[in-house]
Amino acid sequence: MRLRSVELQVTDAPAACDFLERVWGLAAVQGQGDRSCFRGSGDHPHILCITAAPAPAITAITFSGTGEELDAVRARAGGLTVQGPEGETYRFVPEHHAAALAAGRDQPVELSHVVLNATDVAASERFAVEVLGFRVSDRTRMMTFVRCNRKHHCIAYARAEAPSLNHIAFELPDIDALMRGIGRMRDAGHACAWGPGRHGPGNNVFAYFIAPFGAVVEYTAEVSEVGPDYRVGGPEDWQWPPGRIDHWGVS
């Protein structure tokens, strides 16, 4: 199973599309109807879709898998479009590989993960495990991280007062690409809101930005891969010295 794409509604679709293609580094592809779609340099046909709407929203998170994997989801969930406990929508589609793109050295490859704000993280975790078939990787005081393959997390649920999108992470080829991406974004007038740094859970390098359409977007690289024997971490495993909130302490 792989995280494939996210669908967003935004209030100014032309400005969002311009940012995603011209600044963030995605490639525009053929959309459907009123949706504008974008892909990375990897083999997913698209990784992000934008639709104009009166209010911003995340409308769907899509995963792709083999026929056997989709059958297992259908058996647990009763279908391949599933609504989560806080109104979020998950879709599951057959795996489809598009030809990889020749891209710049600092262009996103694919989606790494999506973090959702949740009022009941425990309920979201149970749903991800029991209905979607994912595994818990780590729990911190604020978040639960779940995975659908060897990558440490594809979804995380963050404690919040209302369900909403926390951020979307785009995977870059390596740490040098991430640092070049920070520089390219700065040259375009977009300051890094948090980072660079290296997270605890997942051990990934990160740099966060606020997109012009309001969403928080992340460049990330070097996400850990874990096996079935990975020990689920708890809040006691992810504590930092005073003044530090990541491994490096410079973010």
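Being a predicted model, the structure only gives us computed values, none of them experimental.
Using a 4.5 Å heavy-atom threshold, the side chains of Tyr90 and Phe127 count as touching. Proximity of Pro85 to Asp120: side-chain heavy atoms (C-beta onward) are nowhere separated by under 4.5 Å. Contact annotation: the side chain of Ser124 never approaches that of Thr144 to less than 4.5 Å [non-hydrogen atoms, C-beta and beyond]. Between Phe63 and Cys154, the closest side-chain pair of non-hydrogen atoms falls below 4.5 Å. With contacts defined as side-chain heavy-atom distances shorter than 4.5 Å, the pair Val73/Met1 qualifies. The shortest distance between side-chain heavy atoms of Leu20 and Leu48 falls below 4.5 Å. Looking only at side-chain heavy atoms (C-beta outward), Ser5 and Arg39 stay at 4.5 Å or farther from each other. With a 4.5 Å cut-off on side-chain heavy atoms, Thr62 and Ser64 do not count as touching.
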Does the pair Glu110 and Lys151 meet the rule for a salt bridge (Lys or Arg N to Asp or Glu O under 4.0 Å), with working shown?
CA-CA 13 Å; Glu110 60 187 7; Lys151 286 190 177 180; 2.9 Å; yes
side-chain contact (heavy atoms from CB on, under 4.5 Å) between Thr81 and Thr89, worked out:
CA-CA 7 Å; Thr81 298; Thr89 297; 3.9 Å; yes
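Applying the ring pair (Phe, Tyr, Trp, His ring centres under 6.0 Å) rule to Tyr157 yields no partners; only residues at least two apart in sequence or on another chain are considered.
In this structure a side-chain-to-backbone donor-acceptor pair under 3.5 Å is missing from Glu95 to Thr66.
For the residue pair Asp138 and His152, a side-chain donor N or O sits within less than 3.5 Å of a side-chain acceptor on the partner.
For residues 25-36, the side-chain hydrogen bond (donor to acceptor under 3.5 Å, both in side chains) pairs, not counting sequence neighbours, are Glu7-Arg35, Gln32-Arg35.
Contact check on Arg184 versus Asp187 returns no salt bridge, with no Lys/Arg side-chain nitrogen under 4.0 Å from an Asp/Glu carboxylate oxygen.
In this structure, Phe38 has its ring center at least 6.0 angstrom away from the ring center of Trp24. In this structure, His113 has its ring center no closer than 6.0 Å to that of Phe145.
Contact detail for Leu178 and Ala221: the closest heavy-atom pair is CD1-N, 4.0 Å. The minimum heavy-atom distance linking Leu165 with Ala215 is given by the pair CD2-CB, 4.2 Å.
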Could you list the donor-acceptor pairs under 3.5 angstrom formed by side chains in residues 197-207, with sequence neighbours left out?
residue : atom : partner : partner atom : Å
Arg198  : NH1  : Asn203  : O            : 2.6
Arg198  : NH1  : Glu222  : OE1          : 3.3
Arg198  : NH2  : Glu222  : OE1          : 2.7
His199  : NE2  : Tyr208  : OH           : 2.8
Asn204  : ND2  : Thr220  : OG1          : 2.9

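Other residues, nucleotides and ligands contribute more than 12 heavy atoms inside 6.0 Å of the CD1 atom of Ile175. Shown here is Arg186, whose CZ atom has no more than 12 heavy atoms of other residues, nucleotides or ligands within 6.0 Å.
Here the CZ atom belonging to Arg147 is positioned 15.5 Å from the CG atom belonging to Leu3, to the nearest 0.5 angstrom.
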